[in-house]
**Q** 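Dropping a structure here in structure tokens format, bear with me for questions.
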Amino acid sequence: MAYNLKEWTKRPERFTGGHRLCAGCGATPVVRTILRALKPEDHAVISCATSCLEVSSFLYPYTAWKDSFIHSAFENVAATISGVEATYNAKKRKGEKVDETKFIAFAGDGGTYDIGLQALSGAMERGHDMVYVCYDNGAYMNTGIQRSSSTPKFAATSTSPAGTVIPGKLQRNKDLTLIMMGHHIPYVAQTLPLGNFKDMSEKAEKAIYTKGAAFMNILAPCPRGWRYETSKLMDMAKLAVETCVWPLFEIIDGDLTLNYIPKNKLPVADYLKPQGRFSHMFQPGNEWMIEEVQQQTDRQWEMLLKLNDMK
């Protein structure tokens, strides 16, 4: 269906207020928007890996989730929700009466890019009718802001501190969205909280109502780990898109489409400078770091432009 903001705001809230997520956290609008894509009459089973999201939204006996909720271990959320989906289908085959149900997994980048990658890859390859949502904040924020394989190069974290020994993280971040493209699943998308949430909302609905496995990689800025002012969440998201650090695209049955191409692509320095984790890059003599990130971003963007033109 076409995106209609007024209609969407009337849909029931499936993730309540009163949770303990930080002010300015990107995970909150991600979850609320994804769940609002569900049709009001549909039930959902949600599994969440151990993460900021899980510990802040489900503290027994209180929960912010209105649908059926399963807390999974850090590494196995994809295995958990795929198992529930398989059980549901077994009941249907036996002729048991079951409500129309959708299956959604949420995990951070630590539980997706790293610890849970094997379970995720297996669930996608098997083709379970489920949606896996990675809210990517670029580090293990819940346990102390340690670097993950999603952490951008040169970012300062508690396990890759910028100083005289190393200039922050030494490695490039993994491109998980394109790795998921290589699984040949029906739907893959990259998005983030921005503006009126049109891009994320439309992609969420496609992911949920596309038959088969779907994966969404969603940038979720973190004020604690990125060190920006809590009121600047949407500013950080906009800069990520306008600098092409986090392009908006989707892959439907193997065909990649860029959903937004900036008219005036901004330099990556505009995205890096407001974040304290990159402050050392702007010290005299460290200009080479910014130049390297710019070149890396430009190469990635040119590759996506070519894939977009090939469809």
**Q** Can you measure from CE (M141) to OG (S51) and round to the nearest 0.5 angstrom?
**A** 12.5 Å
**Q** Flag yes if more than 12 heavy atoms outside R227 fall under 6.0 Å of its CZ atom; otherwise flag no.
**A** yes
**Q** By side-chain hydrogen bond (donor to acceptor under 3.5 Å, both in side chains), which residues pair with D199, not counting sequence neighbours?
**A** T191, K203
**Q** So how far is it from M200 CE to E205 CD, rounded to the nearest 0.5 Å?
**A** 14.5 Å
**Q** Check whether any side-chain N or O of H128 sits under 3.5 Å from a backbone N or O of M124 as a donor-acceptor pair, and report yes or no.
**A** no
**Q** Looking at Q190 and P247, would you say the former's side chain and the latter's main chain have a donor-acceptor pair under 3.5 Å?
**A** yes
**Q** How would you list, by chain and number, every residue that makes a side-chain hydrogen bond (donor to acceptor under 3.5 Å, both in side chains) with K265, sequence neighbours excluded?
**A** D298
**Q** Under 6.0 Å from the NZ atom of K273, do we count more than 12 heavy atoms belonging to anything else shown?
**A** no
**Q** Run the side chain to side chain donor-acceptor pair (under 3.5 Å) test on E54 and N142 for me, step by step, so that the C-alpha distance in whole Å, both residues' side-chain angles and the decisive distance to 0.1 Å come before the verdict.
**A** CA-CA 10 Å; E54 185 276 319; N142 181 41; over 6 Å; no
**Q** Would you find a donor on one side and an acceptor on the other, under 3.5 Å apart, between the side chain of S201 and the backbone of K198?
**A** no
**Q** Decide side chain to side chain contact (heavy atoms under 4.5 Å, CB included) for L38 and Y209; before the verdict, give the C-alpha distance in whole Å, the side-chain angles of both, and the deciding distance to 0.1 Å.
**A** CA-CA 9 Å; L38 287 158; Y209 292 99; 4.2 Å; yes
**Q** Does the side chain of E242 reach to within under 4.5 Å of the side chain of K238, using non-hydrogen atoms?
**A** yes
**Q** Are T143 and Q146 close enough that a side-chain donor and a side-chain acceptor fall under 3.5 Å?
**A** yes
**Q** Identify the residue among F69, W65, F58 that makes a ring pair (Phe, Tyr, Trp, His ring centres under 6.0 Å) with F106.
**A** W65
**Q** Which pair of heavy atoms, one from A237 and one from L192, lies closest together, and at what distance?
**A** O-CD1, 3.3 Å
**Q** CE/M289 to CD/Q283 distance, rounded to the nearest 0.5 angstrom?
**A** 8.0 Å
**Q** For atom NZ of K153, decide whether the heavy atoms of other residues, nucleotides or ligands shown that lie under 6.0 angstrom number more than 12.
**A** yes
**Q** Roughly how far, to the nearest 0.5 Å, is CG of L176 from SG of C134?
**A** 6.5 Å
**Q** Tell me whether S160 contacts the main-chain N or O of A156 through its side chain, where contact means a donor paired with an acceptor under 3.5 Å.
**A** no
**Q** Do any N or O atoms from the side chain of Y135 and from the backbone of N217 form a donor-acceptor pair under 3.5 angstrom?
**A** no
**Q** Nearest heavy-atom pair of G111 and F74: which atoms, and what distance?
**A** N-CE2, 3.5 Å
**Q** For S56, is there any backbone N or O sitting under 3.5 Å from a side-chain donor or acceptor partner on R20?
**A** no
**Q** The criterion is side chain to side chain contact (heavy atoms under 4.5 Å, CB included); which residues satisfy it with I251, sequence neighbours excluded?
**A** L178, M181, V188, F249, L256
**Q** Do the non-hydrogen side-chain atoms of V131 and F103 ever get within less than 4.5 Å of each other?
**A** no
**Q** Would you call E100 and K102 a salt bridge, taking side-chain N to carboxylate O under 4.0 Å as the test?
**A** yes
**Q** With a 4.0 Å cut-off, would you call E96 and K92 a salt bridge?
**A** no
**Q** Start with the C-alpha distance between Y113 and D136, add both sets of side-chain angles, then the distance that settles side chain to side chain donor-acceptor pair (under 3.5 Å), and finish with yes or no.
**A** CA-CA 9 Å; Y113 284 66; D136 185 348; 2.6 Å; yes
**Q** Parallel, tilted or perpendicular: which describes the rings of W226 and Y271, with under 30° parallel and over 60° perpendicular?
**A** perpendicular
**Q** If we only count heavy atoms from C-beta on, is the K169 to P152 side-chain gap below 4.5 Å?
**A** no
**Q** Identify the two heavy atoms, one from M234 and one from P193, that lie closest to each other, and give their separation to 0.1 Å.
**A** SD-O, 3.7 Å
**Q** Measure from the side-chain N and O atoms of D109 to the backbone N and O of N137, and report whether any donor-acceptor pair falls under 3.5 Å.
**A** yes
**Q** How close do V77 and A49 get, counting heavy atoms only, and between which atoms?
**A** CG2-N, 3.7 Å
**Q** Please check this pair: side chain of S82 against backbone of A123, looking for a donor-acceptor N/O pair closer than 3.5 Å.
**A** no
**Q** What distance separates E292 CD from T297 OG1, expressed to the nearest 0.5 Å?
**A** 10.5 Å
**Q** Salt bridge or not between K306 and E302? Use side-chain N to carboxylate O under 4.0 Å.
**A** no
**Q** Ignoring hydrogens and geometry, is there a side-chain-to-backbone donor-acceptor pair from H71 to S47 under 3.5 Å?
**A** no
**Q** Are the charged groups of D67 and R14 less than 4.0 angstrom apart, N to O?
**A** yes
**Q** Using 0.5 Å steps for rounding, measure from the CG atom of L239 to the CG atom of L272.
**A** 10.0 Å
**Q** Would you mind checking if E202 and K206 are paired as a salt bridge, meaning a charged N to carboxylate O distance below 4.0 Å?
**A** no
**Q** Surrounding CD of Q118 (heavy atoms of other residues, nucleotides or ligands, distance under 6.0 Å), is the total greater than 12?
**A** no
**Q** Distance-only, no hydrogens or angles: does the Y132 side chain make a donor-acceptor pair with backbone N or O of A213 under 3.5 Å?
**A** no
